[in-house]
Colleague: 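Structure incoming, see below.
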Amino acid sequence: MEMDKIYTPENFESDTYKQWEEAGLFKPNYDESKESFSIALPPPNVTGSLHMGHAFQQTIMDTLIRYHRMKGDNTLWQCGTDHAGIATQMVVERKLAKEENLTRHDLGREEFINRIWKWKEQSGGTITKQMRRLGASVDWSRERFTMDEGLSKAVLEVFVRLYDEDLIYRGKRLVNWDPKLRTAISDLEVENKDVKGYMWYIKYKLADGVKTSDGKDYLLVATTRPETLLGDSAVAVNPSDERYKSVVGKFLELPLVGRKIPVVADIHADMTTGTGCVKITPAHDFNDYAVGKRCKLPMLNILTEDAHIRDEAEVFNTLGEPSDEVSSYIPEAYRGLDRFEARDKMVEDLKAQGLLDHIEDHNLSQPYGDRGGVPIEPMLTDQWYVRASVLGKPAVEAVKDGRIKFVPAQYTNMYYSWMNDLQDWCISRQLWWGHRIPAWYDDNGKVYVARNEEEVRSKYKLASDVHLTRDPDVLDTWFSSALWTFSTLGWPDNTKELKMFHPTSALVTGFDIIFFWVARMIMMTMHFMKNEDGTPQVPFKTVYVTGLIRDEEGNKMSKSKGNVLDPLDMIDGIDRDSLIAKRTANMMQPQMAEKIAKRTAKQFPDGIAPHGTDALRFTLCALASNGRDINWDMKRLDGYRNFCNKIWNASRFVLMNVSEMKLTKPNVADLSVADKFIRSKMKKAIADVTASINAFRFDQVANTIYEFIWNEYCDWYLEFTKAILKSDKATAEQKNATAYTLVEVLEAVMRLVHPVMPFLTQNIWLQTAPMIGKLNEQKTIINAAFPQESDFDEDKKAEADINFIKDVATTIRNLRAEMKVSPSVKLAPMMRGASAVEQACAQDNFAFMENLANIEMIKFVADNESLPPCTSKPLGNAEILIPMKDLVNKEEEIKRLQGMIDKLVANIKSGESKLSNEAFVSKAPAKIIEGAKAQLELNKTQLEKVQAQLNEMKNL
RNA sequence: GGAUGCUUAGCUCAGUUUGGUUAGAGCAUCUGCCUUACAAGCAGAGGGUCAUAGGUUCGAGUCCUAUAGCAUCCACCA
């Protein structure tokens, strides 16, 4: 096949993928005699699109998968998508509002859910299409969706079983409430943000004529949330606070409301903070809730679902039961106001009544909902909880005893610290999109849990005339994804896939979802999946945690910052205007659009050039070191695209020179020293790459490959082969041996690199494998064998010989460049002081040097032989000299020699001081001392030579 | 407040687990080359007191202690 001169990946990548997929090559081999290797893809949001994080993680997963598939393992990459409850519902609601000016309530639950399914059909394929472009070799025939039938069945099963085991319960407790989305959210979905605020100091008048010990008729209470005083049920002071001891048990008149509230003693009140008096609002603050429980205070909910002031407070007793122990009165002036409007109004009124003592600036960190983006409100509601503290114990053990390993290990600590203080997990959401909770209520509010209404009736022996209503809430998205590794394999049925592929081998994911997902997956899986001996089964053996991909300045990539890079744009390229349009589309703040457009135009004046999938994947691997965040660098991508081009052209060279030959397996005797050298290096490269993949060090994988291909195979070996293939002295057998080695190594390199760069390697492999009889039946590198160390032989002698040849060539090139002699001038260098072995090597392999350094001969001269004026440089214990005739610039040469002398003198000095140090000589290992001695000797020899050369120059 | 990570060349990063010649790579820079695989290339060169201060050691980028700066996570904030 004729190859283009320039590497143009867009010409073949997509077609290649299509062929693979159509041939069903991504499926497991289901061969039970082979080891199993499986990965469950962290399910992306079904309507999402591929971002750099996905590309990064999927590249790593695909590399692992392809490697194991080539090893012959029974390999499954299980894929699928997540319904992403809140996120998806929000997108569709926004669309509905924008396009039809409707809310979900206008449509009703059923119709709204229909709309979401439609939206999913319509835009759900984006990310899976993009994954294909990335080369991800997932088994598409097994694709799952968290809301599909099988997975929904698993969710029901898990919920019902956990409920029956009392590991799920329903309770009225304080939860994080998102007033914008009007749903409860879990602790993890709360983000604390630092905001500037105020501290208001409010006077609470003492009732019944009581005075404090210092004669005041009020307590001064500091708060950052004055509006919540409508729900105050006490003011607390510390039990040992002498200032307030006398008023504990007395009553206060709640400002603006007039309700009487007690002064209670509780350790929550800190004597050193604020005034020492703290207002207690049990229904709207987590600490106050705990105080309320301890002091048996009533709880007053003053807010509606969307955080407006209620017309009348909801009053509950300490147990959370409706109660009328205190008045539910809320002053009319505040009813129906938004919580922040109410705050302003109340502060104004307090001021007017002289009850506002003063205001201070105060920085506080305020909890925000991570999706809704508004401050969350602690609210007293009925919700469903998982007893995470119980499920968490075995999950900690599994990591402690090594059944699950985090890579890098430092994430283990992060995991423990969270797991050791595990709060119960609030799993109910007041949304419509998601798995509906399988709970029914009778008219008295009694709850029944089973897989469906029919089962409820039989399970609880309910008469057919008992009226049942299903719980309207749905489950947290992470509830279904916590079951991902086993629900996708067919659980609760006992499938062969579960037996073959569970536990999965590795999980590749970002640190940001260790708590959301990884920890919960471990808990759920270990509870439901058991080994044959009944011990809990873990979901995966290794968790490889990746860092975040940031922009070149280290900022998080985000739509609002306009610094997002789409992996597909790097693969296929994008022009400047399209990139700008993409980055500024649908901006929340239109004024930002202009800024972003400007910056983008400056940074990408020509848009982004196509780089191809392989270059992107290789770059991602090269950057994947040790789980730290990555600052994305376009230059790096350019560099590795060039590397692809290098491979491409090296292959062109091989094909151009060898394709006419009929290759046969050569005899060892016909191999040149260069052939032996590259085979020996190849062996080492295979060993290194294999070890690095097993250690999850993809940066080392990339570096080893880069180094071997570019620096050994291309820079040296290809040049050596020219000397043989074009020589009239080499025999046909020798030419065959070299040509065969060229192809054999290239073919093996393609297999070595294939897990990282699937497309380029397939293309070249299809052309090289047939030449040496390695093409398989299916004509694909995908299931060709991964190279093994034993495929190639080590040859230390050849490596040493080649190193000497390289040194000679490099030294001559160096002298040529320093003396500014044109590369086209043939030189006739001399060598003085070379050992017999070196002389033999140089003579035997002169053909290689001739080419590489453009010389016509090397003359070996004796130490005392008188020579014409030369420039020279030491090489080991020997010396290379080049007669310069009138080309020598005397002053330049003296300067150069003096520089070398200075360096050598410094080295000798430090070497001598080291070796004359009694302590060093007596304590350092012999090997180190020998090394230092040898180095010192070498430096001295070289100094002598350079010194002599310098003298000669000066006398010229 | 608790914890973790980072600080190495102009830029982006390896190297630190297990201390040992003159600390590496890519990009960028400088010089010379269109040499029939590749100018997305070839050859050559310059550039780092490894954040700071102590300590351990014959020997520290690597181990220990402290400090500074940056980042992240958790908790708290009347």
Side-chain angles (χ1 to χ4, degrees), chain A residues 3 5-7 192 199-202 221-225 235-236 268-270 273-280 285 287-288 362-366 408-411 413-414 417-418 421 511-512 514-515 547-548 552 554 609 622-623 625-636 638-657 697 699-700 703 706-707 714-715 718-719 722 809-810 813-818 820-824 851-854 903 906-907 910-911 914 917-925 927-929 931-932 934-936 938-939:
Chain A
M3 289 174 79
K5 194 170 168 182
I6 296 278
Y7 167 68
N192 291 307
M199 182 83 83
W200 286 272
Y201 286 79
I202 303 170
V221 173
T223 180
T224 55
R225 302 213 45 201
V235 166
H268 166 64
D270 180 350
T273 310
T275 59
C277 303
V278 52
K279 67 192 224 39
I280 302 298
D285 181 282
N287 283 314
D288 294 2
H362 184 73
N363 295 329
L364 71 164
S365 87
Q366 195 168 13
Q410 74 235 26
Y411 287 104
N413 288 331
M414 191 168 148
S417 71
W418 190 65
D421 182 31
F511 68 92
D512 49 329
I514 286 184
F515 304 147
L548 219 60
E552 43 286 307
L623 294 173
S625 64
N626 264 330
R628 58 185 266 186
D629 288 357
I630 293 167
N631 293 351
W632 185 256
D633 181 3
M634 268 302 180
K635 296 282 175 54
R636 206 69 194 260
D638 291 341
Y640 290 125
R641 191 262 327 264
N642 295 355
F643 177 53
C644 291
N645 186 52
K646 188 74 180 177
I647 298 176
W648 185 260
N649 276 292
S651 308
R652 276 185 69 220
F653 169 85
V654 172
L655 295 170
M656 285 164 73
N657 284 282
R697 284 303 303 265
D699 58 328
Q700 290 174 1
N703 287 337
Y706 189 95
E707 163 87 11
C714 293
D715 284 352
L718 282 194
E719 297 302 325
K722 288 176 185 173
T810 305
R813 285 166 174 177
N814 178 294
L815 283 169
R816 181 195 289 276
E818 297 238 17
K820 304 209 188 322
V821 178
S822 158
S824 58
N851 249 358
L852 291 164
N854 193 23
K903 209 169 170 188
N907 288 345
S910 91
K914 203 179 212 178
N917 181 348
E918 183 55 34
F920 174 71
V921 178
S922 62
K923 290 191 178 169
K927 212 173 114 189
I928 299 299
I929 296 172
Q935 185 63 44
L936 181 61
L938 181 63
N939 283 337

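Quick note on labels: first sequence line is chain A, next is B, and so on, each numbered from 1.
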Colleague: Think Asn631(A) has a side-chain N or O under 4.0 angstrom from the OP1 or OP2 of C13(B)?
Modeller: yes
Colleague: Nearest to the Asn907(A) side chain among G44(B), A37(B), U22(B), which nucleotide is it?
Modeller: U22(B)
Colleague: Please report the distance, rounded to the nearest Å, between CZ in Phe920(A) and P in A60(B).
Modeller: 12 Å
Colleague: Please classify the nucleic acid contact of Ile514(A) as base, sugar-phosphate, or nothing, using heavy-atom distances under 4.0 Å.
Modeller: nothing
Colleague: Using atom CD of Gln366(A) as one end and atom P of C76(B) as the other, report the distance to the nearest whole Å.
Modeller: 15 Å
Colleague: Looking only at the side chain of Ser625(A) (C-beta and beyond, no hydrogens), which of the listed nucleotides U12(B), C33(B), A14(B) gets closest?
Modeller: A14(B)
Colleague: Report which part of the nucleic acid Cys714(A) touches: base, sugar-phosphate, or nothing (heavy-atom distance under 4.0 Å, all strands).
Modeller: base
Colleague: Roughly how many Å is it from CG in Asp421(A) to C1' in A3(B), rounded to a whole number?
Modeller: 14 Å
Colleague: Looking for any heavy atom pair under 4.0 Å, which part of the strands does Asn645(A) touch: base, sugar-phosphate only, or nothing?
Modeller: base
Colleague: Could you tell me whether Thr810(A) contacts a base, only the sugar-phosphate backbone, or nothing, with contacts defined as non-hydrogen atoms closer than 4.0 Å?
Modeller: sugar-phosphate
Colleague: When all nucleic acid strands are considered with a 4.0 Å heavy-atom cut-off, which category describes Ala932(A): base, sugar-phosphate, or nothing?
Modeller: nothing
Colleague: Just to be sure I understand the rule, does Lys5(A) reach a base, reach only the sugar-phosphate, or reach nothing, if contact means heavy atoms closer than 4.0 Å?
Modeller: sugar-phosphate
Colleague: Nearest whole angstrom, please: distance from the P of U22(B) to the CG of Asn939(A).
Modeller: 9 Å
Colleague: So if I take every side-chain heavy atom of Asn657(A) and compare against G26(B), G41(B), A37(B), which nucleotide ends up nearest?
Modeller: A37(B)
Colleague: Among A40(B), G20(B), G26(B), find the nucleotide with the atom closest to the side chain of Tyr706(A).
Modeller: G26(B)
Colleague: Once you apply a heavy-atom cut-off of 4.0 Å, does Arg641(A) come out as touching a base, just sugar-phosphate, or nothing?
Modeller: base
Colleague: Verify the contact: side-chain N or O of Arg697(A) to OP1 or OP2 of G15(B), cut-off strictly under 4.0 Å; return yes or no.
Modeller: yes
Colleague: Distance criterion of 3.5 Å, no angle test: do you see the side chain of Lys646(A) paired donor-to-acceptor with the base of C38(B)?
Modeller: yes
Colleague: Rounding to a whole Å, what distance do you find between Glu552(A):CD and G10(B):P?
Modeller: 20 Å
Colleague: Which of the following nucleotides, G44(B), C42(B), C58(B), is nearest to the side chain of Asn917(A)?
Modeller: C58(B)
Colleague: So, is Asn814(A) close to the A45(B) phosphate, meaning a side-chain N or O under 4.0 Å from OP1 or OP2?
Modeller: yes
Colleague: Which is true for Thr273(A) with a 4.0 Å heavy-atom rule: it touches a base, it touches only sugar-phosphate, or it touches nothing?
Modeller: base
Colleague: Quick one: do Asp629(A) and Phe511(A) satisfy side chain to side chain contact (heavy atoms under 4.5 Å, CB included)? Show the steps, please.
Modeller: CA-CA 10 Å; Asp629(A) 288 357; Phe511(A) 68 92; 3.9 Å; yes
Colleague: With sugar-phosphate meaning primed atoms plus P, OP1 and OP2, does Tyr201(A) contact a base, only sugar-phosphate, or nothing at under 4.0 Å between heavy atoms?
Modeller: nothing
Colleague: Using a cut-off of strictly less than 4.0 Å, decide whether Lys635(A) has a side-chain nitrogen or oxygen near OP1 or OP2 of C13(B).
Modeller: no
Colleague: If I pick the C1' atom on U12(B) and the same atom on U21(B), what distance separates them, to the nearest angstrom?
Modeller: 29 Å
Colleague: Heavy atoms from C-beta onward define the side chain here; which of A37(B), U22(B), A43(B) lies closest to that of Ala650(A)?
Modeller: A37(B)
Colleague: Starting from P on C70(B), measure out to CG on Leu548(A) and report it in whole angstrom.
Modeller: 20 Å
Colleague: Quick one: closest heavy-atom pair of Lys646(A) and Cys714(A), and the distance?
Modeller: CE-CB, 3.7 Å
Colleague: Heavy atoms, side chains only, cut-off 4.5 Å: are Tyr7(A) and Asn649(A) in contact?
Modeller: no
Colleague: Using a heavy-atom cut-off of 4.0 Å across all strands, would you classify Asn854(A) as base, sugar-phosphate, or nothing?
Modeller: nothing
Colleague: Roughly how many Å is it from CG in Asp699(A) to C1' in A14(B), rounded to a whole number?
Modeller: 7 Å
Colleague: Given side-chain hydrogen bond (donor to acceptor under 3.5 Å, both in side chains), test Asp638(A) with Asn642(A) step by step and report yes or no.
Modeller: CA-CA 6 Å; Asp638(A) 291 341; Asn642(A) 295 355; over 6 Å; no
Colleague: Would you say Arg636(A) places a side-chain N or O within less than 4.0 Å of OP1 or OP2 belonging to C27(B)?
Modeller: no
Colleague: To the nearest angstrom, how far is Gln410(A) atom CD from C6(B) atom C1'?
Modeller: 10 Å
